[in-house]
Amino acid sequence: MYDKAMHALGSTQSGIRELFDYGQKQAAIVGKENVYDYSIGNPSVPAPEAVKKAIQELLEGDPLALHGYSSAQGDGWARKAIAENLSRRTGDNIDADCIYFTCGAAPAIVGSLRALRQDENTEVLLLAPFFPEYTMYAQACNIKAVVVPPDTENFQVDLAAVEARISPNTQAVIVNSPNNPSGVVYSRETLEAMAALLRKKSAEYGHPIFIICDEPYRELVYDGGEVPYVPAIYNNTIICYSWSKSLSLPGERIGYFCVPPCVDDSKNVYAAIKGAMRTLGHVCAPTMMQKVAAKCVDIMPDLSVYDQNRKTLYEALTGYGYRCVYPQGAFYMMIGAPDGDDNAMSERAKKYNLLIVPGTGFGAPGFLRISTCVDPAMIQRSLPAFKALMEEYK
């Protein structure tokens with residue numbers, strides 16, 4: 001009657017969503033103000049005023065054009081605006097035909113994986129810690145996800161572990177920096193070393209190994225840090241982007257993939273991903289949001305609240321005795337479970353209505369993720385709970 005594998009996926013939730021739903025139920029019992037929900041990465045800073053202005057301006061125009069279909073790859077004017085912005089920022093020579101609008105970064109990643117699949121033996125490397133849905137994306141494309149264990153010292157990339165897991169079947173590596181869940185930004189040195197390794201293995205196996213860059217947090221970086229432009233380091237890089245975080249528009253589902261001209265046989269790679277999008281039922285991304293994104297492409301997010309949140313939590317939690325990974329970007333922070341059992345710690349935290357996500361689902365057992373995109377007042381209310389939780393381990 002139905003696909004049992006799909007039924008299994010539909011009958012369960014990610015650990016993030018499960019904890020979020022638990023918090024909603026608990027709030028009805030003890031009051032929303034008494035639940036300290038650090039489970040989900042939903043931006044807590046409103047969209048910039050420029051977004052509202054762009055929508056209002058567009059609503060004054062032709063409603064048929066605004067709400068009608070665009071081409072599958074997206075409105076030509078809007079793609080040109082995105083391409084010009086990328087070219088200015090990176091020094092690359094991106095044109096409109098490198099860009100394809102998608103409903104957020106997720107379908108861009110799935111389409112890229114589907115286009116790169118060779119046969120039933122195809123593999124993709126996931127660099128732990130990683131966004132758990134990557135495993136679902138690989139499964140949807142009938143690709144084997146191979147997990148590379150995390151570097152739990154610096155949360156960069158364990159290159160020896162990468163090399164040990166690359167095989168002739170490896171077609172891609174997903175790179176997410178700034179990283180969800182660690183908040184770490186991969187350094188230029190890390191990316192250059194990984195690029196050298198991938199070039200060596202590509203030559204050895206006789207086919208390119210692609211980097212798929214998942215970049216929804218690209219603009220969310222602190223302390224003047226650098227998020228290196230990966231195609232300038234490694235040619236065979238596909239960019240998958242979303243405005244969900246940078247413009248606080250997660251519900252509007254607007255993003256793109258970009259195949260830069262430096263990619264080997266770039267036009268045909270673009271065409272293959274475009275074809276994969278057709279098989280996924282993609283018609284076009286929301287036309288109005290394409291135009292909003294294009295009008296707001298030069299707007300940078302206000303990071304002041306997220307910046308203060310990460311500092312407040314890091315200083316308080318390290319003071320209580322937690323091991324914390326200092327976030328350089330995004331709006332997450334990882335903490336270590338004192339006894340190494342992240343699942344047990346997440347359950348124990350519920351006694352204090354403190355909702356923190358186990359790291360096992362991110363490929364990082366022994367750690368937990370805290371979303372720092374929350375109300376600063378909630379952080380202050382939650383600190384006694386964090387302190388009491390740590391006291392249980394002393």
Side-chain angles (χ1 to χ4, degrees), residues 40-90 92 94-112 178 180 213-221 227 238-260 270 273-274 277 280-306 330-331 373:
I40 199 164
N42 200 26
S44 57
V45 174
E49 187 67 20
V51 171
K52 178 180 177 180
K53 182 178 178 182
I55 292 172
Q56 289 172 333
E57 289 175 351
L58 289 166
L59 289 173
E60 294 300 318
D62 178 2
L64 292 178
L66 183 63
H67 302 298
Y69 293 122
S70 73
S71 68
Q73 65 203 93
D75 178 87
W77 167 81
R79 287 187 291 113
K80 185 173 185 288
I82 305 308
E84 289 175 348
N85 172 271
L86 271 178
S87 297
R88 284 194 303 272
R89 295 173 61 183
T90 66
D92 207 342
I94 306 295
D95 64 35
D97 288 333
C98 297
I99 304 293
Y100 187 111
F101 279 109
T102 57
C103 296
I109 297 169
V110 177
S112 298
N180 174 13
C213 266
D214 181 21
E215 297 190 338
Y217 304 99
R218 184 173 63 208
E219 285 77 27
L220 276 67
V221 61
V227 178
I238 299 165
I239 298 168
C240 299
Y241 184 77
S242 166
W243 283 277
S244 292
K245 317 301 183 179
S246 61
L247 290 182
S248 295
L249 297 173
E252 303 301 343
R253 310 314 305 145
I254 187 67
Y256 63 82
F257 71 75
C258 172
V259 181
Y270 181 97
I273 305 176
K274 186 177 178 181
M277 298 302 295
L280 297 173
H282 172 89
V283 176
C284 65
T287 302
M288 181 170 73
M289 294 315 300
Q290 294 179 38
K291 296 175 184 290
V292 169
K295 281 178 169 287
C296 298
V297 70
D298 293 318
I299 302 298
M300 297 299 287
D302 178 1
L303 301 181
S304 57
V305 173
Y306 300 147
F331 40 51
C373 49

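What you see is a predicted model; the values in this text were computed from it and never measured.
- Going from atom SG of Cys373 over to atom OH of Tyr306 covers 6.0 Å, rounded to the nearest 0.5 Å.
- Each side-chain hydrogen bond (donor to acceptor under 3.5 Å, both in side chains) pair with one or both residues in residues 238-255, not counting sequence neighbours, appears once here: Glu219-Tyr241, Tyr241-Ser246, Ser242-Ser244, Ser244-Arg253.
- For residues 72-85, the salt bridge (charged side-chain N to carboxylate O under 4.0 Å, His left out) pairs, not counting sequence neighbours, are Asp75-Lys291, Arg79-Asp97, Lys80-Glu84.
- Under the side chain to side chain contact (heavy atoms under 4.5 Å, CB included) criterion, Asp298 pairs with Asn85, Arg88, sequence neighbours left out.
- Contacts of Phe257 classified as ring-ring contact (aromatic ring centres under 6.0 Å, His included), with partners at least two apart in sequence or in another chain: Tyr100, Tyr270.
- Evaluation of the side chain to side chain contact (heavy atoms under 4.5 Å, CB included) rule for Ala81 yields Ala294 as partners, not counting sequence neighbours.
- Annotation: side chain of Val45 is not in contact with side chain of Pro43 (no heavy-atom distance under 4.5 Å).
- Using a 4.5 Å heavy-atom cutoff, the side chains of Leu86 and Ile99 are in contact.
- Listed by first and then second residue, the salt bridge (charged side-chain N to carboxylate O under 4.0 Å, His left out) pairs that reach into residues 45-74 are Glu57-Lys295, sequence neighbours excluded.
- Rounding to the nearest 0.5 Å gives a distance of 5.5 Å between OG of Ser87 and CD1 of Ile94.
- Rounding to the nearest 0.5 angstrom, the gap separating the CG atom in Asp92 from the SG atom in Cys98 is 8.0 Å.
- The closest donor-acceptor contact from the side chain of Glu215 to the backbone of Ile239 lies at 3.5 Å or more, if one exists at all.
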